[in-house]
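A single structure is presented below for examination.
Worth knowing before you read on, the calculation uses all heavy atoms, side chains too, and leaves out hydrogens, waters and symmetry mates.
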Amino acid sequence: MKKQLISSLLCFALLVVMFIGSTVAWFTDTASSVNTMVAGKISIRQDEVFEQNTVILPNVTIPKKVTVTNDGNQSAYVRTLFAFEDAADGSVLGMVGHDSPVTVTFPAEPVRFKVTIADEYGQTVSETCFTVGYYIYDGQLAVGDSYQCLNSITVRPEADSAWMDKVGEKYELIVLSQASQTTGLPDAPADALNTAFAEITAEKCAVWFEYVLKNTPGYLPGGCTMTVTAI
């Protein structure tokens, strides 16, 4: 059986305002829009080399290169989140290998969310579960510097028809990068990003990736509605 791999990749800008004693605004960006003030600009670009609707088969490697570049004028703390299509029991992701130049971390307690699409009558058209992994750039990403976080996707040889049936007509991978300023935040990149955006939880990922999907042209069929919930 042949399936398709569809990657939804969208970058968006988010200005996080937090209240710590007095009002403090952290400048952040998630890969496209520019947030500028006199103090500087935090801007990242997420580039992808990938052919949409590529057919996937067991034991076949699919090239998919994802690179993140700091094209602002200030160094930044950056992290990339990967939402892999999965089953509620994790059995789908277990058959998907990802060749990455970096180490993608999956929390001990899985971070998962579900995307439900319903038609105009409220009837469910599809439900897709995702498991989230992440990579945090070690240190500050200097102006003009880049890092590559993905090379390819491979379905393991052990994947059979039952696995294909769980996947359905397409396999989805959503990639989202987030960046924050480095000054005025904790020195550790993970702590700084958690302060600027929030910790990586199922609830937060549901919000972040819902924004991505709702702003991806053609993802939501006409007349349909989408609900993204933590699981």
Side-chain angles (χ1 to χ4, degrees), residues 3-12 14 30-31 46 56 58 62 64 66 68 77-117 124 126-138 147 149-160 162-178 188-214 216 219 226-231:
K3 304 296 174 183
Q4 292 178 324
L5 172 64
I6 295 180
S7 171
S8 301
L9 179 69
L10 182 74
C11 310
F12 63 96
L14 176 63
T30 53
Q46 183 174 284
I56 61 173
I62 300 169
K64 177 177 172 59
V66 178
V68 179
Y77 293 128
V78 190
R79 68 186 180 191
T80 300
L81 281 63
F82 304 86
F84 291 89
E85 182 177 343
D86 202 357
D89 61 0
S91 58
V92 167
L93 178 56
M95 285 291 169
V96 179
H98 47 281
D99 176 23
S100 179
V102 303
T103 300
V104 178
T105 299
F106 290 91
E109 184 67 27
V111 173
R112 295 186 175 129
F113 63 90
K114 178 175 64 176
V115 178
T116 303
I117 296 178
T124 299
S126 65
E127 283 190 345
T128 308
C129 296
F130 293 87
T131 295
V132 177
Y134 63 89
Y135 167 71
I136 299 174
Y137 184 79
D138 186 16
Y147 67 83
C149 50
L150 194 64
N151 268 327
S152 64
I153 298 294
T154 304
V155 176
R156 303 189 191 286
E158 299 83 5
D160 55 13
W163 181 88
M164 290 287 192
D165 289 340
K166 288 183 180 181
V167 172
E169 295 182 356
K170 61 184 180 181
Y171 183 85
E172 297 179 347
L173 167 60
I174 315 168
V175 185
L176 168 64
S177 293
Q178 300 174 321
D191 294 340
L193 290 159
N194 286 342
T195 300
F197 288 94
E199 293 187 19
I200 300 172
T201 65
E203 290 74 17
K204 288 297 181 182
C205 285
V207 173
W208 295 331
F209 284 102
E210 179 178 24
Y211 187 96
V212 171
L213 295 176
K214 285 187 174 179
T216 300
Y219 186 85
M226 179 189 303
T227 304
V228 182
T229 54
I231 55 174

Original post:
CZ/Phe209 to CZ/Phe130 distance, rounded to the nearest 0.5 angstrom?
Top reply: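 Result: 9.0 Å between the selected atoms.
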Original post:
Listed by chain and number, what are the side chain to side chain donor-acceptor pair (under 3.5 Å) partners of Arg79, not counting sequence neighbours?
Top reply: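 For Arg79 the side chain to side chain donor-acceptor pair (under 3.5 Å) partners, ignoring immediate neighbours, are Gln178, Asn194.
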**OP:** Mind checking side chain to side chain donor-acceptor pair (under 3.5 Å) for Tyr147 and listing every partner two or more places apart, or none if nothing turns up?
**Re:**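 Expected list: Thr80.
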Original post:
Can you tell me how far the CD1 atom of Ile231 sits from the CZ atom of Arg112, to the nearest 0.5 Å?
Top reply: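 Ile231 CD1 to Arg112 CZ: 6.5 Å, rounded to 0.5 Å.
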Would you mind writing out the side-chain donor-acceptor pairs for residues 92-110 within the sub-3.5 Å range, not counting sequence neighbours?
from   : atom 1 : to     : atom 2 : distance (Å)
Ser100 : OG     : Val102 : N      : 3.2
Ser100 : OG     : Val102 : O      : 3.2
Ser100 : OG     : Cys149 : O      : 2.5

Subject >> Counterpart residues, side chain to side chain contact (heavy atoms under 4.5 Å, CB included), relative to Ala88 (two or more places apart) >> reply: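 Listed in chain order: nothing, the list is empty.
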Subject >> Closest heavy-atom pair and its distance - Pro58, Pro157 >> reply: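 Looking at all heavy atoms of both residues, the shortest contact is CB-O, 4.2 Å.
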Subject >> Side chain proximity check, Gln46 to Val66, heavy atoms < 4.5 angstrom >> reply: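 A side-chain contact exists here, since the closest heavy-atom pair is under 4.5 Å.
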Original post:
Quick one: does Val175's side chain get under 4.5 Å of Leu81's, heavy atoms only?
Top reply: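 The answer is no, as the side chains (C-beta and beyond) never meet within the 4.5 Å cut-off.
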**OP:** Using side chain to side chain contact (heavy atoms under 4.5 Å, CB included) as the criterion, list what pairs up with Ser91, not counting sequence neighbours.
**Re:**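 Partners of Ser91 under the side chain to side chain contact (heavy atoms under 4.5 Å, CB included) test: Ala87, Asp89, Lys166.
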Original post:
Does any N or O in the side chain of Tyr171 come within less than 3.5 Å of the main-chain N or O of Glu85, such that one atom is a donor and the other an acceptor?
Top reply: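 Yes: the side chain of Tyr171 pairs with the backbone of Glu85.
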Original post:
Which residues satisfy the salt bridge (charged side-chain N to carboxylate O under 4.0 Å, His left out) test with Glu199, sequence neighbours excluded?
Top reply: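 Glu199 satisfies salt bridge (charged side-chain N to carboxylate O under 4.0 Å, His left out) with no other residue.
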Subject >> Under the side chain to side chain donor-acceptor pair (under 3.5 Å) test, residues paired with Glu203 that sit two or more places apart >> reply: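 With sequence neighbours excluded, Glu203 shows a side chain to side chain donor-acceptor pair (under 3.5 Å) to no residue whatsoever.
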Subject >> Residues in side chain to side chain contact (heavy atoms under 4.5 Å, CB included) contact with Lys204, at least two apart in sequence or another chain >> reply: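 Scan of Lys204 (side chain to side chain contact (heavy atoms under 4.5 Å, CB included), adjacent residues dropped) gives Ala198, Thr201, Trp208.
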**OP:** Working to the nearest 0.5 Å, report the span between CD1 of Ile62 and OG of Ser152.
**Re:**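 So the gap between those two atoms works out to 9.0 Å.
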Original post:
Distance from Cys129 atom SG to Glu172 atom CD, nearest 0.5 Å?
Top reply: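 Cys129 SG to Glu172 CD: 11.5 Å, rounded to 0.5 Å.
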Subject >> Nearest-0.5 Å distance, OG1 of residue Thr131 to CZ of residue Phe82 >> reply: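 One finds 14.0 Å between OG1 of Thr131 and CZ of Phe82.
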**OP:** Dump the intermediate steps for side chain to side chain contact (heavy atoms under 4.5 Å, CB included) on Ile117 and Thr124, then the final yes or no.
**Re:** CA-CA 6 Å; Ile117 296 178; Thr124 299; over 6 Å; no
Subject >> Partners meeting side chain to side chain donor-acceptor pair (under 3.5 Å) with Asp160 (sequence neighbours left out) >> reply: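 Result, side chain to side chain donor-acceptor pair (under 3.5 Å) vs Asp160: none returned.
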Original post:
Going by heavy atoms in the side chains, are Lys114 and Thr128 under 4.5 Å from each other?
Top reply: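 They are not in side-chain contact.
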Subject >> Heavy-atom side-chain contact between Leu173 and Lys64 under 4.5 Å >> reply: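 They are in contact (side-chain heavy atoms under 4.5 Å apart), so the answer is yes.
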Original post:
To the nearest 0.5 Å, how far apart are CG in Leu193 and CD1 in Ile200?
Top reply: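 These two atoms lie 8.0 Å from each other.
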**OP:** Applying side chain to side chain contact (heavy atoms under 4.5 Å, CB included), run through Asp191 and Tyr77 and close with a yes or a no.
**Re:** CA-CA 10 Å; Asp191 294 340; Tyr77 293 128; over 6 Å; no
**OP:** Report yes or no: is the cationic atom of Lys170 (NZ for Lys, CZ for Arg) under 6.0 Å from the centre of the six-membered ring of Tyr219, at an angle within 45° of the ring normal?
**Re:**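 The answer is yes; both the distance and angle limits are met.
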